[in-house]
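Okay, so here's the structure we're looking at.
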Amino acid sequence: MSPLSYSTARETYAALGVDTEAALTTLARTPISLHCWQGDDVGGFERAGASLDGGGIQATGNYPGKARTLDELRGDLDVALGLIPGKHRLNLHAIYGDFDGRKVERNAIGVEHFQSWIEWAKTRGLGLDFNPTCFSHPLANDGFTLSHRDPAVRQFWIEHAIACRRIGAAMGRALGTPTVTNVWIPDGHKDLPADRQGPRERLAAALDAVFQESFDEQIHRDAVESKLFGIGSESYVVGSHEFYLGYAITRRKLLCLDMGHFHPTESVADKISSVLQFAPGILLHVSRGVRWDSDHVVLFDDPTRALMEELVRGGFLARTAIGLDYFDASINRVAAWVIGTRNTLKCLLAALLEPTARLREAEAAGDYTARLALLEEAKTLPLGAIWEEHCRRQGTPGDRAWLPAIQSYERDVLAQRR
Ligand code: RNT
Ligand code: ZN
């Protein structure tokens, strides 16, 4: 794309009162937290060949080249990050520690198992985020963790989550940017429960135990993630939306909104300005459910655009942590990171380039005809030229120019992993 296309596009936007330079500055300053688990189908490194087991989530597909070791995952991430404009973050799950072939129980993990990740992030100028892993474990096999009726099992997961928060805080301290540690648990019933209340009481108490230690918010923040249903928890999920909305508001936690965790006709975008009236902040799990919580790669689509529009219109970017959560094993996994992250950024850019002031003028004047006309025509403004300029300034290949790098990496590296 020539600089000429950028300056023409800039004028087009300026005529609508949109400052493309301001948009590019905000875009360059907004990190997206890449989820490590796209690289190996949520397997982790607790033992060689570990794979996702239970928890009501599933990665489908068997595309060759999945990362089998820490070094392979890091190599893949470096390739992906090199093809995504801007400085971002990495979101780790507890099972991705550097365990060096030793068995470490989940309630015994410590920062020492994540020191090499901290060094890795530091040399790349990246922030880290974190998650307890309350699935793929014998003590999670019957579908309950923090809300388990057996106090010993509950205590195990409480200790795991406490250990994770300490690791998260150590990451934030070492890297000088707050780590968000997000608690998601799979707990729920396949069929109709006779007691919906007991597990929720136990979960609230367990979470209070987990969150007893407090950390400076410049170092560490907590998030809690709700869900509608999972495979094997179709009839009842303990940590529902209402549960965590109440919890996040009363305990001053970030509420994690995963785009796959609501009824398909619900708008997650619409929730943001309601939640942020009361909760201190949100974490987004940008994802794409197809008919169910299928975690497909994020697209430049209406739900994702609407989400970003709400963050920008409401001035909510400062109170929002943006993370990705999808795992597609049916295409090149490194490309899946690149496609989903670039699309997320592109949706954010589109939102930053919206002629919001004009739209609101029309709205305030009761001219809903002009509002609708401009809203629709804004869709075909020259977003692509501004995006290309962003890629150029960030030293990253533009659209249609990054895929060859993935293809040669696939040939030279991924295809050798057999
Ligand atoms: C599961 C949740 C959760 C997980 C990750 C791996 O439905 O979305 O965020 O996807 O923790
Ligand atoms: Zn999620």
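Computed from heavy atoms alone, side chains included, the values below leave out hydrogens, waters and symmetry copies. Order of appearance sets the numbers: ligands from 1, and atoms from 1 within every ligand. Numbering starts at 1 and runs along the sequence shown.
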Residues Asp40 and Tyr96: side-chain donor-acceptor under 3.5 angstrom: yes
Specify which N/O/S atom of Asp258 comes nearest to the Zn ion (ligand 2), by atom name. OD2
As an exercise, identify every atom of ligand 1 less than 4.0 angstrom from a heavy atom of Asp258. 8 (O)
Going by an N to O cut-off under 4.0 Å, is there a salt bridge joining Arg333 and Asp41? yes
How far is atom 10 (O) of ligand 1 from its nearest protein heavy atom, and which residue and atom name does that atom have? Asp325 OD2, 2.7 Å
Asp293: numbered ligand 1 atoms lying under 4.0 Å from its heavy atoms: 7 (O)
Within reach of ligand 1, part of His285 (heavy-atom separation under 4.0 Å): side chain
With respect to the Zn ion (ligand 2), what is the nearest N, O or S atom of His285? ND1
Minimum distance, heavy atoms only, to atom 2 (C) of ligand 1: which one of Glu225, His93, Met259 is it? Glu225
For this output row, return yes or no: ring centroids of His93 and Phe45 closer than 6.0 angstrom. no
Say whether Asn131 and ligand 1 are in contact under the criterion: heavy-atom distance to a ligand atom below 4.0 Å. no
Is it the case that the ring center of Phe156 lies less than 6.0 angstrom away from the ring center of His137? yes
Below 4.0 angstrom from a heavy atom of Lys227, which ligand 1 atoms are there? Numbered from 1 as shown, please. 1 (C), 7 (O)
Assess the pair Tyr326 and His35: is the distance between their ring centroids shorter than 6.0 Å? yes
